[in-house]
Amino acid sequence: MTNFIGQAADPNYVPAGAPLGMIGTDPDDPDDPWSAAAPPGGVILQTPGPTASPSATGTIRIPIPRTIPTGPRRVGIQVGHWKSDEAPDELRRLIPQTGASWGELTEVDVNLDVAQRIAVILNGKGIAVDILPVTVPPGYLADAVVALHADSDGVGQWSGYKMAHSARRGPYEDALLADVKKAYGDATGLEYDDTHITNGMKGYYFFNWSRYQHSVSPYTPSVILEMGYLSSDDDRALMLDHPDTLANGIANGILQFLSNTPRSKIFGQELIVPAFPSRPTRTSVP
């Protein structure tokens with residue numbers, strides 16, 4: 001397990017996996033469960049002081065990882081639905097999920113093919129790459145992570161790609177999303193489909209550290225990319241006939257992010273994120 005600079009003597013220290021003590025629903029992520037847990041390494045829960053406003057919810061201070069990536073820049077590429085049968089108990093709901101399909105074409109085949117091509121491109125640039133299955137090492141640390149998926153509307157009406165990151169992450173997700181979004185759109189010519197970005201994407205377990213231990217570290221900039229619709233004739237042809245185009249677009253976006261965001265920035269300052277709103281008072285029903 002990754003070790004963190006934890007201040008276990010602090011009375012507000014919450015160890016990994018323990019309830020954070022302030023639970024509720026994030027308005028930016030309504031699918032988030034009522035309960036939340038500390039990520040590997042634990043956190044410091046900072047409650048509002050006596051002079052705070054009644055609506056104040058406090059913050060969660062996440063200590064800087066003690067062991068951060070060293071040497072070459074490191075990137076994780078997660079293959080959506082790959083090896084879902086090996087998921088741990090906390091992800092057991094994912095075991096029956098096989099992803100989108102169209103005829104005999106399955107999403108996981110497209111995801112894995114593109115991931116392997118991205119790895120070749122980035123390796124050639126001196127970047128270390130981990131191709132990750134459904135099960136993520138708890139608190140996985142890297143300079144950037146992109147989870148690859150493909151979608152289907154079942155009828156062939158929708159087209160395009162879409163992206164999201166968690167509502168409760170560090171300061172670099174926006175930049176990673178913007179860089180990959182632009183590079184992927186430029187490379188593929190696909191339209192960006194912001195109409196069908198779901199709460200499930202925003203609350204994707206892969207970067208949802210407040211709910212799952214098998215998620216990337218809060219310090220790891222991470223996004224999910226739905227590369228296109230298998231149900232669209234044009235999108236599907238692009239994914240099948242020009243996978244290198246997809247891979248180059250994603251790799252170029254990652255490289256742009258790494259160029260703009262040195263490791264010293266990513267791991268140089270403690271993360272402070274909003275805590276959860278308190279659970280509302282529930283009146284008993286006679």
Side-chain angles (χ1 to χ4, degrees), residues 2 62 64-65 67-80 111 113-132 136-137 139-149 160-192 194 197 201-202 204 206-207 209 215-228 238 242-273:
T2 303
I62 306 170
I64 296 174
T67 305
I68 63 176
T70 58
R73 303 298 295 272
R74 179 167 293 278
V75 168
I77 304 295
Q78 193 211 25
V79 179
N111 298 341
D113 181 37
V114 174
Q116 291 171 333
R117 293 170 190 269
I118 294 170
V120 171
I121 296 168
L122 294 181
N123 286 160
K125 301 290 185 180
I127 307 240
V129 178
D130 297 315
I131 297 181
L132 303 169
V136 185
Y140 173 78
L141 286 164
D143 296 283
V145 173
V146 177
L148 300 182
H149 283 261
Y161 69 105
K162 50 189 177 178
M163 298 184 66
H165 61 68
S166 173
R168 202 174 296 108
R169 298 288 306 176
Y172 301 108
E173 266 75 17
D174 283 342
L176 176 59
L177 189 150
D179 287 337
V180 174
K181 175 183 173 182
K182 183 180 186 307
Y184 189 77
D186 289 347
T188 63
L190 289 173
E191 294 291 329
Y192 188 65
D194 58 0
I197 295 172
M201 290 176 65
K202 296 176 183 177
Y204 187 46
F206 178 72
F207 43 55
W209 58 264
S215 64
V216 303
S217 165
Y219 279 83
T220 301
S222 52
V223 297
I224 180 173
L225 166 63
E226 295 275 4
M227 296 180 287
L238 181 65
H242 303 282
D244 282 331
T245 298
L246 278 65
N248 274 293
I250 299 165
N252 287 340
I254 293 171
L255 289 169
Q256 184 64 56
F257 172 77
L258 295 179
S259 176
N260 294 338
T261 316
R263 183 175 283 166
S264 59
K265 280 189 175 182
I266 297 173
F267 300 102
Q269 187 173 354
E270 281 193 334
L271 291 181
I272 307 292
V273 299

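Since the model is a prediction, treat every value here as computed from it, not as a measurement. Atom set for the values below is all heavy atoms of this structure, side chains included, hydrogens, waters and symmetry mates excluded.
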Problem set entry | Test side chain to side chain contact (heavy atoms under 4.5 Å, CB included) applied to Leu141 and Val216, Thr67, Thr220, the passing residue | Thr220

Exercise. Would Tyr184 and Asn252 satisfy side chain to side chain donor-acceptor pair (under 3.5 Å), going step by step from the backbone distance to the final call?
Worked result: CA-CA 8 Å; Tyr184 189 77; Asn252 287 340; over 6 Å; no

Problem set entry | 4.5 Å side-chain heavy-atom contact, Pro221 and Thr261 | no

Exercise. With distance as the sole test, does Arg74 use its side chain to make a donor-acceptor pair with the main-chain N or O of Asp130 at under 3.5 Å?
Worked result: no

Exercise. Is there side-chain contact between Val146 and Gln78, with at least one heavy-atom pair below 4.5 Å?
Worked result: no

For this session: Taking the side chain as every heavy atom from C-beta outward, state whether Pro262 and Asp143 have any pair of such atoms under 4.5 Å apart.
Result: no

Seminar exercise, completed: Heavy-atom closest pair (Ala183 atom, Gly249 atom, distance to 0.1 Å) is CB-O, 3.2 Å

For this session: Run the numbers on Lys182 and Tyr192 for side chain to side chain contact (heavy atoms under 4.5 Å, CB included), then give the verdict.
Result: CA-CA 9 Å; Lys182 183 180 186 307; Tyr192 188 65; over 6 Å; no

Exercise. Is Thr188 close to Leu238 at the side-chain level, that is, under 4.5 Å between some pair of heavy atoms?
Worked result: yes

For this session: Take Ile127 and Leu255 through the test side chain to side chain contact (heavy atoms under 4.5 Å, CB included) and record every step on the way to the result.
Result: CA-CA 9 Å; Ile127 307 240; Leu255 289 169; 3.9 Å; yes

Problem set entry | Rounded distance (nearest 0.5 Å) linking atom CG of Leu176 with atom CG of Asn260 | 11.0 Å

Exercise. To the nearest 0.5 Å, what is the distance between CD (Gln256) and CG (Leu258)?
Worked result: 9.5 Å

Exercise. Would a 4.5 Å heavy-atom cut-off, applied to side chains only, mark Ile118 and Leu148 as touching?
Worked result: yes

Exercise. Quick one: do Lys162 and Asp194 make a salt bridge, cutoff under 4.0 Å?
Worked result: no

Problem set entry | Rounded distance [0.5 Å steps], CG in Leu246 versus CG in Asn111 | 10.5 Å

For this session: Looking only at non-hydrogen atoms, find the nearest pair between Glu173 and Val223 and report the distance.
Result: O-CG1, 4.1 Å

Exercise. Are Ile77 and Val145 side-chain neighbours, meaning at least one heavy-atom pair lies under 4.5 Å?
Worked result: no

For this session: Enter the distance from Gln269:CD to Tyr219:OH here, rounded to the nearest 0.5 Å.
Result: 8.5 Å

Problem set entry | Gap separating the CE atom of Met201 from the CD atom of Glu226, nearest 0.5 angstrom | 5.0 Å

Seminar exercise, completed: Between the NZ atom in Lys181 and the CG atom in Asp174, the distance rounded to the nearest 0.5 Å is 10.5 Å

For this session: Dump the intermediate steps for side chain to side chain contact (heavy atoms under 4.5 Å, CB included) on Ile254 and Asp179, then the final yes or no.
Result: CA-CA 7 Å; Ile254 293 171; Asp179 287 337; over 6 Å; no

Problem set entry | Derivation and outcome, side chain to side chain contact (heavy atoms under 4.5 Å, CB included), residues Met227 and Ile250 | CA-CA 10 Å; Met227 296 180 287; Ile250 299 165; 4.1 Å; yes

For this session: Taking all non-hydrogen atoms of both residues into account, name the closest pair between Ala187 and Thr245 and its distance.
Result: O-CG2, 3.2 Å

Exercise. Taking all atoms of both residues into account, what is the closest heavy-atom pair of Ala119 and Val129, and its distance?
Worked result: CB-CG1, 3.8 Å

Problem set entry | Least distance between heavy atoms, Pro218 atom then Leu271 atom | O-CD1, 3.3 Å

Problem set entry | Validation row: His165, Tyr172 side chains within 4.5 angstrom (heavy atoms) | no

Exercise. Taking only residues two or more places apart in sequence, or in another chain, which ones meet Tyr204 in a ring pair (Phe, Tyr, Trp, His ring centres under 6.0 Å)?
Worked result: His149, Phe206, Phe207

Problem set entry | Trp209 and Ser217, any side-chain heavy atoms less than 4.5 Å apart | no

